[in-house]
Each structure stands twice: as structure tokens, then as C-alpha cells.
Amino acid sequence: MFDGRLIMEQKDRVLASMHKRNFKDIHLIEAAAELIERRKRIITESETARAQQNKRSKDMPQVMKSGTPEEKKAIQEDLKALAEQVKAFQPRVKAVEEELDAVLLAIPNLLADDAPEGGEENAVEVSVWGEKPQFDFTPKEHDDLAKGLFDPERGAKLAGARFSVLWGKLATLERVLIQFMLDIQTRERGYTEVLTPLLVNRATMTATGQLPKFEEDLFKTNDDLFLIPTAEVPVTNLHRDEILREEDLPRSYCAYTPCFRREAGSYGKDTKGYIRQHQFNKVELVKFTRPEDSDAELMKLLRDAEEILRRLGLHYRVVRLAAQDQGFSSSKTFDIEVWLPGQGRYREISSCSSFTDYQARRGNIRFKRAGAKATELCHTLNGSGLAIGRTLIAIVENYQRADGTIVVPEALRPYMGCEVITPA
RNA sequence: GGAGAGAUGUCCGAGUGGUCGAAGGAGCUUGACUCGAAAUCAAGUGUGCUCCGCGAGGGGUACCUAGGGUUCGAAUCCCUAUCUCUCCGCCA
């Protein structure tokens, strides 16, 4: 949720950020400012009325016990009138607060000051690791190459378009990648593994920003539960409405979950292959930090995600997303793009973001500094570490040989129990 | 799914219509004692909104799971939801 105070105190800065983001509903900023003022006025009036009522109420017990009949009658009438006044304010207060909430929920996070200008094409390359592998034959795309083990037709039969079935060693590879990634993050990089529900309620979806604005992207059940589109949702919500201790920060969690996305609005995009599925597996990294640590922790998190690709020997680059390409709740985002030789292009395999206090404000995730009285909002961060399906694609395309077999990367051989995958 | 019990502050726990932001205890902070620690003693210790003040701070208001209701007045009475526990049923 956007910080109303920031709108009141630094409106120009907020407006500049929204323009940079190309936020269409920019009028919401003015609307919020107006609602905040109106809310203050109503609250002041309402509380003044309340104070009068409370004050007069204090006399009630004694008057009723030892007052004259006239005094009793007077106080009863007074209080009745005051009560009516107070009650008249209630719907007004509620209405303005609901209206303000709705507006603040519809405003995206403030961009980091150094966010690059522009849209998707303006992403800035930050670093590159490894080199494009050379082939003495024309490399194939993963779906072509893994034919026989990769089975979108049966996925469609079972569930519909954008669902797939994996067979044999390819299924094993997917499973093994999950374990491989979790092992590195938990054993070497200090993350605590969590296993969470895959269905969550409305409050949980709202805190991380999927609701109320993006309901059409989610799969929903009849019980008003939603299938998670990423583990970010349940994991970030672990500490919703909690006050953490400063010495416990940063907290670093990793979680494997399947992710479910309706991909509304992406019809016709990546319809072929295993790139864009309604259901896919992902290992997610999530951190809770002090505000002053979030930038440094984001860089560490990014490096933790990169480490997986390095171990797998997969060439990749890191890009900083430009303002208009960033997610609604994100302040700063880096994407990791892996090289896919079959497709001859880089594809996003991880997205690492700082949400500053935006999700924390929605979810009321706070911490208390040692010795301090007041609580402060945490910063939340997350990133894929990594998307499993796309990692599988990258391995298939990068480790293919002329005869159509796929070499298993060195680091995965102990897990796989074989050195080569031979599609049937 | 059926029957019953419950949800109070960081934690435990008292409180059945006004004087309750809420007894008591634990924890934590500060001070005293101590070479130091423990023990002991003393004081302090929730959150949000809002107003006043340069500030230290002060005033008001709300919050006893959540949302409604009764009442001049609700932690306390009523309704609904959620969650927890016990018994029965079902079940991987």
C-alpha cells in the first residue's frame, strides 16, 4: 500500500515517480491527498463529539444513584442527544476510510530514484557471466529436442492449453533441479527452507499486491481461496501482522512451490514449448530486512540466484528493469536472463526485487529496533532462485549434442545418477 | 459433517454493563546492591489515528480474534464469521 504521508509531504516526488512509471491513473495521487484531508477533518469532528459523550457519561453513575429526578432526566436526555451525534459520524468515517484505502491500494510503489527511464526495451545490462556455447550443428529448441519426454499434448488432454506432462529422465531432471537449488540456498547461503500452503486467502493475496487489482491473473476456488502465483505470496505473509526483533533481521527464507498463473492477456505469446505454463515449479528466495539494509541484501539475493546458473555452467546476463517495465509493488528489479541457443535469445529465468516498505505496509510487517520505543516497517525482497521449468529448458538447449542427446551438467550428476539424457 | 468449550497486551492469566488500556505474574529496560553475575529491591514497559508544541512532551480518540447489533454507556449481553481445543463420524 502506498504511504499516504509521502503523498502529503512530497507530492512532487511522488508525481514524478508515477510519470516515470507511466502510471495511467495518476489522478489517484490528487484523489488520495484530498481524501486524506477530508478524513482528518471528519475524524477530528467525530472524536470531539466522542470526547463530549465520554465526559458526560462519567457523571451518569453518581447522578443515577444520588441525583434529583430533574438531574436524572437532564443527563439522560443529554446523553441520548450526544449518542445520536456520535452515531451520525460513524458511517461518514467508515466511508472515507474505505475510499482512501481503495485509492492507496491502487497506487503502485514509488520507484527507486535511479530506476532507468523507459519501457521493456530500455532495460540496462548490468553484468554478463560465461559465454554463448558454440555448436558445430544448428541447435534445436527444447520442445523439438526433448520430443518424447516433453508432452504438451497430454497436458492439454488432462487440463488444457499451457499444461504439460514430463516423462522419464526429463521429469527426474525437473525434480532434481528443485532439490539442487534448495540444497545450495539452505546449506551454503544461509536460507531457511519453508513449505507453505499453495492455496491462500484474500488477505494474504492483498498484502503482497496481487489483490485487489490483479484478480483476473489468479486461479480461484469456490471457497474464496486462490492458488498462489508464486511462493512470494505465502512466504512474505508469514510475518504479516507481526513485530520482528531487530536482531532477527535480515530473515532469509527459501521455498519450493508450484506456481499457478492464468496468463490472462498473454494469449498467443509463447504458446509453443515449456516457457509459459499455467502451472510451473519455482524455488523462491524471500528476505525481510531493515530499511537501510535492503539495497545490499537485494544484491546478495541476486548473487545467490546467479550462483545456481554458475554451478550449472549456463551463460546468462543480468539486467536492471526500466521504470515502466517494473512490477506494481516493486521499487527496484533485476532480471536474470539465461541464454537459450535453440531460440537464439536470452530469456528471463529470475526476477529479483526490492519492495521497500510497500508490501510491509499492506501486510503490517514491522520490527522494533533494540532499545527503541517505536516500531518501523520492514523492507521485503524476493527473487526466483530459480524458475525450474526455464532452468530445465536452458539445460536442454545448452547441453544438447548433434545426436539429439543431452549431457547432464556436472553438478547434477550425483543427483541424476546418469550423465546423459536420451529422448526417446 | 454432528455435539460442546474457548479466543484478553511480548507471553501466561484475572476480569459478566459505567470508576477497565484493562488486576496479578513472567519477560524486557533502567537504577540500587555486587569485583562481576545470580538473587533481591525500586521504577518503567502495547499499538494506531488525531490535535497542540521548534522540541522534550502533552491532550483527545480507538483497539480485549474479526464484522454487525442491543444500550446513554460493551472486554463484559446478542448475532455472524474465522481459528483453537474435546468427543463422535469420515478419511490419506
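Per chain, numbering begins at 1; letters A, B, ... match sequence-line order. No experiment lies behind these values; they were computed from the predicted model shown.
Across the strands present, B/A74 finds no partner; the criterion is a Watson-Crick or G-U wobble pair with both atom distances under 3.5 angstrom. The partner of B/G4 is B/C85, by the rule that a Watson-Crick or G-U pair needs both atom distances under 3.5 Å. When both distances must be under 3.5 Å, the Watson-Crick or G-U wobble mate of B/C63 is B/G46. When both distances must be under 3.5 Å, the Watson-Crick or G-U wobble mate of B/U34 does not exist.
The side-chain contact (heavy atoms from CB on, under 4.5 Å) test applied to A/D241 returns A/N364, not counting sequence neighbours. Under the rule for a side-chain hydrogen bond (donor to acceptor under 3.5 Å, both in side chains), the partners of A/D183 that lie at least two apart in sequence or sit in another chain are A/Y415.
Remark: P of B/G17 and NZ of A/K58 are 20 Å apart, rounded to the nearest angstrom.
Distances were taken from every side-chain heavy atom of A/Q53 (C-beta onward) to each of B/C72, B/G60, B/C49; the shortest belongs to B/C72.
For the residue pair A/T380 / A/Q359, a side-chain donor-acceptor distance below 3.5 Å is found, with atom types taken as modelled.
At a threshold of 4.0 angstrom between heavy atoms, the contacts of A/R41 with the nucleic acid are absent. At the heavy-atom level, A/D78 lies nowhere under 4.0 Å from the strands shown. Nucleic acid contact class of A/R39 (heavy atoms, under 4.0 Å, all strands): sugar-phosphate only.
Aromatic ring centres of A/F367 and A/H379 lie farther apart than the 6.0 Å criterion allows.
Proximity of A/N364 to the phosphate of B/U47: no side-chain N or O atom is located under 4.0 Å from OP1 or OP2.
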